[in-house]
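For reference, the structure discussed in these notes is given below.
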Amino acid sequence: MTWKRTHNCGELTAENTGEEIILNGWVSTRRDLGGVIFIDLRDRYGITQIVFNETDKELHEKAEQLRGEYVIGVKGMVEERDEENVNPELYTGDIEITVTDLQIYAKAETPPFEIKEDIATGEEIRLTYRYLDLRRPDLQRNMILRSDFYQSVRSFYHERDFVEVETPVLMKSTPEGARDYLVPSRVNPGKFFALPQSPQTYKQLLMVSGYDRYFQIVKCFRDEDLRADRQPEFTQIDVEMSFVDEDAVMSSTEDLMQKLMKETIGEDIEPSFKRMTYEEAMKTYGTDKPDTRFGLEFADFSELVEDSEFKIFSGTVEKGGAVLGITVPGQGSMGRGAIDRLTERVQDETGAGGLIYIKLNEEDGVKCSVEKFLKEETVEAMVEKADAAMGDLVLILAGPSPDVYHQMSKLRLMMGEEHNLINEDEFDFLWVTDFPLVKWSREEQRYQALHHPFTAPYQEDVDKLEEDPVSVRSRAYDLVLNGYEIGGGSIRIHDRELQKRMFSLLGIDEEEAEERFGFLLEAFKYGAPPHGGIALGVDRIIMILSGGNSLRDVIAFPKNQKAQSLMDNSPDYVDQEQLDELHIRLKRGVGPEHE
RNA sequence: GGUCCGGUAGUUCAGCUGGUUAGAACGCCUGCCUGUCACGCAGGAGGUCGCGAGUUCGAAUCUCGUCCGGAUCGCCA
């Protein structure tokens with residue numbers, strides 16, 4: 001029989017002294033001193049020390065059998081510890097339980113890794129035994145943080161009259177964008193559903209239906225290759241609002257983030273985030289999701305060196321490339337060996353051709369690695385432009401645009417991390433706005449939507465839609481936190497004619513548009529309100545709040561880099577009968593017999 | 001799909017210029033121990049060196065292939 005617990009393992013204090021209590025939990029560690037046995041009893045609330053004395057022979061013998069991860073129940077008395085025995089590390093450290101009765105609910109084999117914080121065990125094993133990994137306090141904290149997060153999100157939107165609507169998980173495939181996960185339909189031979197990459201079209205339809213404030217915490221799916229910050233299924237806070245402009249969406253998102261930070265990790269933040277245009281972000285940081293917790297902004301030397309004798313510089317600028325620098329404070333005395341290693345690393349990790357530097361230190365003065373090719377005043381001008389002072393190091397990359405911006409962006413992050421320029425306790429929110437509406441895809445020889453095909457262009461740029469599409473700015477905005485893109489949204493097109501022009505710009509002809517998005521265009525005939533919204537990446541946000549750097553630590557049952565679940569061995573082959581029922585035949589050379 | 005790194009005890013790793021019986025730490029097991037909380041002390045068990053082939057008198061070590069894992073680029077509207 002299971003003893004009903006009176007308390008959990010994380011709540012008893014000296015105030016409970018003398019009480020008869022019952023605890024249930026897992027044996028965390030045992031310290032058998034012979035005459036007395038101490039057990040740390042663990043549940044998700046904490047740890048309580050329980051004690052077996054030799055006074056009860058039978059009980060003591062039973063306690064000797066206890067091993068790690070046994071699941072037990074104990075009856076006993078709360079006793080205050082003597083002052084010298086208090087454990088200040090534990091919330092329950094002022095007391096211990098003198099056990100009067102013990103029940104072993106389940107024995108346990110020795111787990112493949114220890115159930116404690118900060119283990120070094122590799123991910124493959126942790127994922128295979130995920131249920132044990134999830135028993136560890138670090139992951140339990142993350143899961144509980146995540147649960148608190150959900151509650152805050154729901155109450156925030158509920159209080160503001162948002163309606164939570166569930167949209168279908170089985171939907172129409174839209175080949176635009178990421179690859180879809182497909183689901184065959186048994187009752188419709190040869191036809192497939194797709195799992196949503198996001199409920200984009202549904203939430204716009206809900207606006208047409210008059211639910212002027214919608215939100216949903218929703219699973220989304222993308223069949224693309226994984227990264228540390230990318231899983232094939234992930235959770236979004238999906239939001240859409242009618243009769244709003246950018247500021248309304250952004251300011252409500254700021255309020256949400258303020259509440260979330262407060263209620264999940266007790267952090268106070270200003271609900272008014274910095275803003276930067278896409279162009280500025282790219283020019284200053286070389287990325288649309290800059291980590292603005294530290295400086296090291298780019299200095300553009302291109303104009304200063306375009307007539308230089310140094311071919312690498314002048315040649316690059318002539319071909320339309322750029323010469324960029326960043327100033328690393330306090331590194332002006334970096335030795336030759338260190339710089340050589342850095343150069344190698346930069347070439348390796350960023351793909352840059354080489355690294356040029358200017359060192360400023362008391363010993364050598366201003367020393368440029370290519371000074372014999374440059375006029376002294378050019379070097380001086382570069383130092384000034386880079387805002388470098390004595391003791392600083394200016395790192396310079398030259399190359400074709402936009403590659404060199406990308407490379408410099410990586411170098412900037414590298415330096416930020418290496419020289420501890422990043423305040424790990426800071427939460428630095430940033431809006432990036434005014435994204436280009438489309439980009440030219442060389443592979444596909446057509447324009448692609450940067451955000452998605454329903455994003456509205458700026459009214460004043462609409463005229464350029466046909467002549468100069470790349471220069472058209474969109475009413476899209478991304479939310480960036482500490483260098484991670486944690487959300488993105490836009491004001492949508494609610495005008496059928498403009499939507500048609502957009503499709504045609506993207507090379508989607510009328511017939512195709514009809515076939516793929518006809519229902520949306522049709523819906524827009526019947527009174528579509530102006531609307532816009534945002535989608536926030538729950539997993540990434542929680543990852544940052546938890547102080548971690550892997551999505552896998554905030555998702556209960558994540559996939560590995562090959563999008564497999566090692567614990568239950570999915571995906572897996574299915575029986576021929578199942579395939580037959582679904583009218584599916586595997587390609588030759590594919591299937592279990594070819595393993 | 002490309003590139004790079006890795007795979008040795010339950011776990012994390014060392015050993016890798018080929019050479020006796022493959023080591024360490026933690027964990028595990030046994031014994032001793034009444035105030036531990038990373039308990040301590042003494043002892044012990046535990047290995048297909050990912051797999052296959054090759055070179056060699058001899059391979060954890062060198063070569064090739066293969067599988068697995070990770071990082072990264074492509075990809076991710």
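In what follows, chains are A, B, ... by sequence order, proteins preceding strands, each numbered from 1. These numbers were taken from a predicted model, which means no experiment stands behind them.
Taken residue by residue, residues 83-92 of chain A places heavy atoms nearer than 4.0 Å to RNA chain B at Asn85(A), Asn87(A). RNA chain B lies under 4.0 Å from at least one heavy atom of each of the following residues of residues 399-411 of chain A: Lys410(A). For the segment residues 489-512 of chain A, the set of residues with a heavy atom within less than 4.0 Å of an atom of RNA chain B is empty.
Using P as the reference atom, rA22(B) and rG1(B) are 40 Å apart when rounded to the nearest Å. Remark: the separation of the P atoms in rU66(B) and rU3(B) is 12 Å, to the nearest Å. Distance noted for atom C1' between rC13(B) and rG27(B): 14 Å (whole Å). Remark: the separation of the C1' atoms in rA25(B) and rA14(B) is 10 Å, to the nearest Å. Spacing of P atoms, rC33(B) relative to rG69(B), comes out at 50 Å, to the nearest Å. Atom P of rG35(B) sits at a distance of 15 Å from the matching atom of rG40(B), rounded to the whole Å. Taking atom P in both rC16(B) and rG10(B), the straight-line distance is 23 Å, to the nearest Å.
Distances from the side chain of Asp225(A) to the nucleotides rC75(B), rA71(B), rU36(B) place rC75(B) closest. In the set rU36(B), rC75(B), rA71(B), rC75(B) carries the atom at the smallest distance from any side-chain atom of Arg230(A). Closest to the side chain of Thr110(A), out of rU34(B), rC28(B), rC76(B), is rC28(B). The side chain of Gln49(A) has rC37(B) as its nearest neighbour among rC29(B), rC76(B), rC37(B).
Using modelled atom types, one side-chain atom of Ser474(A) and one backbone atom of Phe435(A) make a donor-acceptor pair closer than 3.5 Å. The backbone N or O of Glu89(A) sits less than 3.5 Å from a side-chain atom of Asn87(A), completing a donor-acceptor pair. For Gln407(A) (side chain) and Leu397(A) (main-chain N/O), no donor-acceptor pair under 3.5 Å exists by modelled atom type.
Residue-environment remark: CD (Glu15(A)) stays at or below the threshold of 12 foreign heavy atoms within 6.0 Å. Annotation: Tyr129(A), atom OH; neighbour count of heavy atoms from other residues, nucleotides and ligands within 6.0 Å does not exceed 12.
Taking atom CG of Asp223(A) as the reference point, atom P of rG1(B) lies 13 Å away to the nearest angstrom. Here rU72(B) presents its P atom at 12 Å from CE of Met414(A), a figure rounded to the nearest Å. Atom-to-atom, CD of Glu96(A) to P of rG35(B) comes out at 13 Å; the value is rounded to the nearest Å. To the nearest angstrom, C1' of rG70(B) lies 9 Å from CD of Glu123(A). Whole-Å rounding puts the Gln197(A) CD to rC75(B) C1' distance at 12 Å. Computed from coordinates, the Glu224(A) CD to rG1(B) P distance equals 14 Å when rounded to whole Å. We find that CD1 of Ile37(A) is positioned 12 Å from P of rC32(B), with the value rounded to whole Å. Between Arg345(A) atom CZ and rC5(B) atom P there is a gap of 16 Å when expressed in whole angstrom units.
Under the 6.0 Å distance and 45° angle rule, Arg473(A) counts as a cation-pi partner of Tyr458(A).
Applying the 3.5 Å distance criterion, the base of rG70(B) shares no donor-acceptor pair with the side chain of Asn560(A). Between the side chain of Gln564(A) and the base of rG69(B), no donor-acceptor pair of N or O atoms lies under 3.5 Å. Within 3.5 Å, no donor on the side chain of Arg30(A) pairs with an acceptor on the base of rC37(B), nor the reverse. Judged by distance alone, with hydrogens and angles left aside, Arg222(A) brings no side-chain donor or acceptor close enough to the base of rC76(B) to form a pair under 3.5 Å.
The residue among Lys562(A) and Gln200(A) whose nearest nucleotide of RNA chain B lies closer to the 5′ end is Lys562(A). Nucleotides of RNA chain B nearest to Thr121(A) and Thr29(A) differ in position, and the one nearer the 5' end is that of Thr121(A).
Using a 4.0 Å heavy-atom cutoff across all strands shown, Leu450(A) reaches sugar-phosphate atoms only and no base atom. When heavy atoms are screened at a 4.0 angstrom cut-off, Gly122(A) is found touching the sugar-phosphate backbone but no base atom. Using a 4.0 Å heavy-atom criterion, one finds that Thr174(A) contacts no nucleic acid atom at all. Within the nucleic acid shown, Glu485(A) has no heavy atom closer than 4.0 Å to any nucleic acid atom. Residue Glu54(A) is classed as a base contact, given a heavy-atom separation below 4.0 Å to a base.
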Within the sub-3.5 Å range, which N or O atoms of nucleotides 7-10 of chain B have a protein N or O partner, and how far apart are they?
from: rG10(B); atom 1: O2'; to: Pro112(A); atom 2: O; distance (Å): 2.9

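Look at Arg31(A) and you'll find a side-chain N or O under 4.0 angstrom from OP1 or OP2 of rC39(B). Close to rC29(B), at under 4.0 Å from its OP1 or OP2, lies a side-chain N or O of Arg67(A). Dashed line: the shortest gap from a side-chain N or O of Gln561(A) to OP1 or OP2 of rC68(B) is not under 4.0 Å. Considering only side-chain N and O atoms, Arg227(A) lies under 4.0 angstrom from the phosphate OP1 or OP2 of rC73(B).
Counted by atom type alone, Thr17(A) and Glu79(A) present zero donor-acceptor pairs between their side chains at under 3.5 Å. For the residue pair Asp568(A) and Ser570(A), a side-chain donor N or O sits within less than 3.5 Å of a side-chain acceptor on the partner.
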Chi angles and distances behind the side chain to side chain donor-acceptor pair (under 3.5 Å) call for Asp291(A), Tyr285(A): CA-CA 8 Å; Asp291(A) 188 340; Tyr285(A) 300 102; over 6 Å; no

Side chain to side chain donor-acceptor pair (under 3.5 Å), that's the test. Do Glu124(A) and Asn560(A) meet it? Break it down for me. CA-CA 8 Å; Glu124(A) 194 180 354; Asn560(A) 70 0; over 6 Å; no

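Across all strands shown, the partner of rA24(B) is rU12(B), judged by Watson-Crick or G-U wobble contacts whose two distances both fall under 3.5 Å. Under the Watson-Crick and G-U wobble criteria, each requiring two contacts below 3.5 Å, nucleotide rG69(B) is paired to rC5(B). Pairing of rC64(B), defined by two Watson-Crick or G-U wobble distances under 3.5 Å, is identified with rG52(B).
Phe517(A) and Phe503(A) have their aromatic ring centers within a separation under 6.0 angstrom.
In this structure Asn142(A) satisfies the side chain to side chain donor-acceptor pair (under 3.5 Å) test with no other residue, sequence neighbours excluded.
Checked against Gln204(A) for a side-chain hydrogen bond (donor to acceptor under 3.5 Å, both in side chains), the options Glu240(A), His531(A), His494(A), Arg492(A) give a single hit: His531(A).
Phe524(A) contributes atom CZ, which lies 7.0 Å from atom CG of Leu205(A) (distance to the nearest 0.5 angstrom).
Within the structure, side chain to side chain donor-acceptor pair (under 3.5 Å) pairs that include any residue of residues 108-118 of chain A comprise Glu117(A)-Arg141(A) (at least two apart or interchain).
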